[in-house]
Q: 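Below: one structure in structure tokens.
Proteins get letters first, then strands, A, B, ... in listed order; numbering begins at 1 in each. The structure presented is a predicted model; accordingly, all values stated were derived computationally and were not measured.
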There are 2 protein chains.
Amino acid sequence: MIFSSTATHALRAMASLAGGEPSEPVLGRELARRVGLPSHYLSKVLATLARSGLLTASRGAKGGYRLARRPDRIRLIEVVLPFEGQRARPGCLLRPDKPCRNSGACSAHAAWGDMKRTFTDFLEQTTVADIQGGDPGLLAKGPLGLRHPATGAHRGRSAAGRGSA
Amino acid sequence: MIFSSTATHALRAMASLAGGEPSEPVLGRELARRVGLPSHYLSKVLATLARSGLLTASRGAKGGYRLARRPDRIRLIEVVLPFEGQRARPGCLLRPDKPCRNSGACSAHAAWGDMKRTFTDFLEQTTVADIQGGDPGLLAKGPLGLRHPATGAHRGRSAAGRGSA
DNA sequence: GTGATTGTGGATATGCATATCCACAATGCG
DNA sequence: CGCATTGTGGATATGCATATCCACAATCAC
């Protein structure tokens with residue numbers, strides 16, 4: 001699955017948060033329900049995201065979680081990095097600890113370099129707005145399932161024309 | 001690092017094995033020395049690789065490990081799959097358990113699809129011959145460090161022309 | 001056949017990511 | 001000010017990947 005489950009939880013939470021109205025904070029347990037995780041556990045993930053400045057958590061009545069910025073201003077790398085750490089910055093294929101500096105350091109570095117570049121590009125260029133709403137299959141519980149066309153979803157991802165995806 | 005450490009060990013061992021003479025079997029402990037792992041541990045990894053038909057292990061005097069096929073006939077996916085399992089077949093971004101069937105199932109599926117495709121292509125197209133010899137920095141112990149241009153390294157990787165790799 | 005050498009498999013520690021829970025602090029409302 | 005509500009942090013299980021070791025079986029040289 002490439003990403004750790006914790007990072008995936010964070011992505012799901014951010015995606016769900018991006019799907020709603022920006023002005024209304026979402027309760028922790030409500031978010032936990034959407035993501036499908038115990039709220040006590042998700043709260044830790046959310047705390048990390050808040051500490052990273054990706055969302056703001058307001059206490060008290062009418063409190064809850066809100067995105068700190070517009071969803072299209074939050075890149076996935078920011079969401080993943082606090083959880084994956086250096087794992088989000090792939091190194092050499094045969095020596096993951098080394099940063100794969102010179103071209104001769106690791107064989108097949110050309111193919112692997114393409115791989116790394118695509119991976120990094122994806123995390124750098126894709127924003128939370130692009131994954132907004134999360135998995136419809138999961139959110140389809142209440143009368144939801146709609147996908148807000150607002151908030152400026154999908155405003156270009158770079159690396160546009162490729163093979164046949 | 002994307003790949004698990006066990007899978008990386010396997011890749012290193014295969015790369016090291018591909019660097020030598022195909023006719024001469026390599027001792028388990030010699031291979032372990034090159035990879036930098038206790039032989040008792042690497043033996044387990046090698047056993048899995050042998051069971052997968054990627055290398056043959058001959059017992060007795062003059063025994064050791066040999067590649068079962070020419071290095072350029074062994075794709076990296078074959079090496080990684082026994083250790084990574086389904087992790088080598090990435091699914092949906094927000095729902096890793098689901099295979100990301102239809103286009104609407106996961107947002108940002110276009111960008112993620114590119115990512116998955118590149119990842120899969122790398123594993124499918126790159127062969128052990130491409131990573132042959134392993135990390136020179138590690139192998140530079142004896143008079144080694146040479147890189148056999150034979151065996152037909154880099155026989156095309158697809159997804160050729162990209163940005164600036 | 002005998003003995004040395006080699007790989008194979010199982011049983012077993014260790015460490016880390018993951019997950020769960022509980023008590024505390026902070027905030028907002030009346 | 002006091003109470004209810006909310007998030008925060010720490011302490012704590014659990015499971016799995018990783019790693020280590022040891023006894024056995026197979027093979028080859030002599």
Q: Figure out the CG/P separation between L42(A) and dA19(C), and round it to whole Å.
A: 11 Å
Q: Please state how far atom CZ in F3(A) lies from atom C1' in dT18(C), giving the value in whole angstrom units.
A: 18 Å
Q: Specify the residues of residues 74-83 of chain B, ordered by number, for which at least one heavy atom lies under 4.0 angstrom from an atom of DNA chain D.
A: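 Result for residues 74-83 of chain B: none.
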Q: Quick one: stems for DNA chain C, with Watson-Crick or G-U pairs under 3.5 Å, at least three in a row?
A: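 Ordered by first number, the stems with DNA chain C (at least 3 consecutive pairs each) read C:1-30 with D:1-30.
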Q: Taking the side chain as every heavy atom from C-beta outward, state whether S5(A) and H9(A) have any pair of such atoms under 4.5 Å apart.
A: yes
Q: Using the ring-ring contact (aromatic ring centres under 6.0 Å, His included) criterion, which residues pair with F119(A)? Sequence neighbours excluded.
A: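 Partners of F119(A) by the ring-ring contact (aromatic ring centres under 6.0 Å, His included) criterion, ordered by chain and then number, come out as F3(A).
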Q: Can you tell if the side chain of T120(A) reaches within under 4.5 Å of the side chain of L123(A), non-hydrogen atoms only?
A: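 No; the side chains remain at least 4.5 Å from each other.
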Q: Figure out the CZ/C1' separation between R12(B) and dT18(D), and round it to whole Å.
A: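 Between C1' of dT18(D) and CZ of R12(B): 15 Å.
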Q: Any side-chain hydrogen bond (donor to acceptor under 3.5 Å, both in side chains) involving residues 46-69 of chain A? Give me the pairs, sequence neighbours left out, ordered by first then second residue.
A: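 Every side-chain hydrogen bond (donor to acceptor under 3.5 Å, both in side chains) pair that includes a residue of residues 46-69 of chain A, provided the two are not neighbours, is R69(A)-E78(A).
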Q: Rounded to the nearest 0.5 Å, how far apart are CZ of R33(B) and CD of E30(B)?
A: 4.5 Å
Q: Which nucleotide wins on minimum distance to the side chain of T6(A), given the candidates dT8(C), dT18(C), dT8(D)?
A: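 For the T6(A) side chain, the nearest candidate turns out to be dT18(C).
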Q: What's the CZ-P distance between R87(A) and dA17(D), to the nearest Å?
A: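 Between P of dA17(D) and CZ of R87(A): 13 Å.
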Q: In whole Å, what is the span from the CZ atom of R66(A) to the P atom of dG7(D)?
A: 12 Å
Q: Report yes if some heavy atom in the side chain of D130(B) is under 4.5 Å from a heavy atom in the side chain of W112(A); otherwise report no.
A: no
Q: Does dA19(D) have its OP1 or OP2 closer than 4.0 Å to a side-chain nitrogen or oxygen of H9(B)?
A: yes
Q: Please tell me if the side chains of T127(A) and P71(A) come closer than 4.5 Å, counting only heavy atoms from C-beta onward.
A: no
Q: As an exercise, state the distance from NZ of K44(B) to CG of L37(B), rounded to the nearest 0.5 Å.
A: 13.0 Å
Q: Considering just the side-chain nitrogens and oxygens of R29(B), establish if one lies under 4.0 Å of OP1 or OP2 belonging to dT5(C).
A: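 So the side-chain polar atoms of R29(B) never come under 4.0 Å of the phosphate oxygens OP1 or OP2 of dT5(C).
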Q: Are R89(A) and L81(A) side-chain neighbours, meaning at least one heavy-atom pair lies under 4.5 Å?
A: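 Answer yes - side chains close enough.
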Q: Considering heavy-atom distances to DNA chain C, does R51(B) or L27(B) have its closest nucleotide positioned more toward the 5' end?
A: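 It is L27(B), whose closest nucleotide lies nearer the 5' terminus.
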Q: Using a cut-off of 4.0 Å between protein heavy atoms and nucleotide atoms, how would you tag nucleotides 21-30 of chain D 5' to 3' with B, S and -?
A: BB--BBBSS-
Q: With a non-hydrogen cut-off below 4.0 angstrom, is L37(B) in contact with a base, only sugar-phosphate, or nothing?
A: nothing
Q: Quick one: list whatever passes side chain to side chain donor-acceptor pair (under 3.5 Å) with E124(A), sequence neighbours left out.
A: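 Testing E124(A) for side chain to side chain donor-acceptor pair (under 3.5 Å), a comparison that skips the adjacent residues, returns R75(A).
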Q: Side chains of R117(B) and T118(A), heavy atoms from C-beta outward: is any pair under 4.5 Å?
A: no
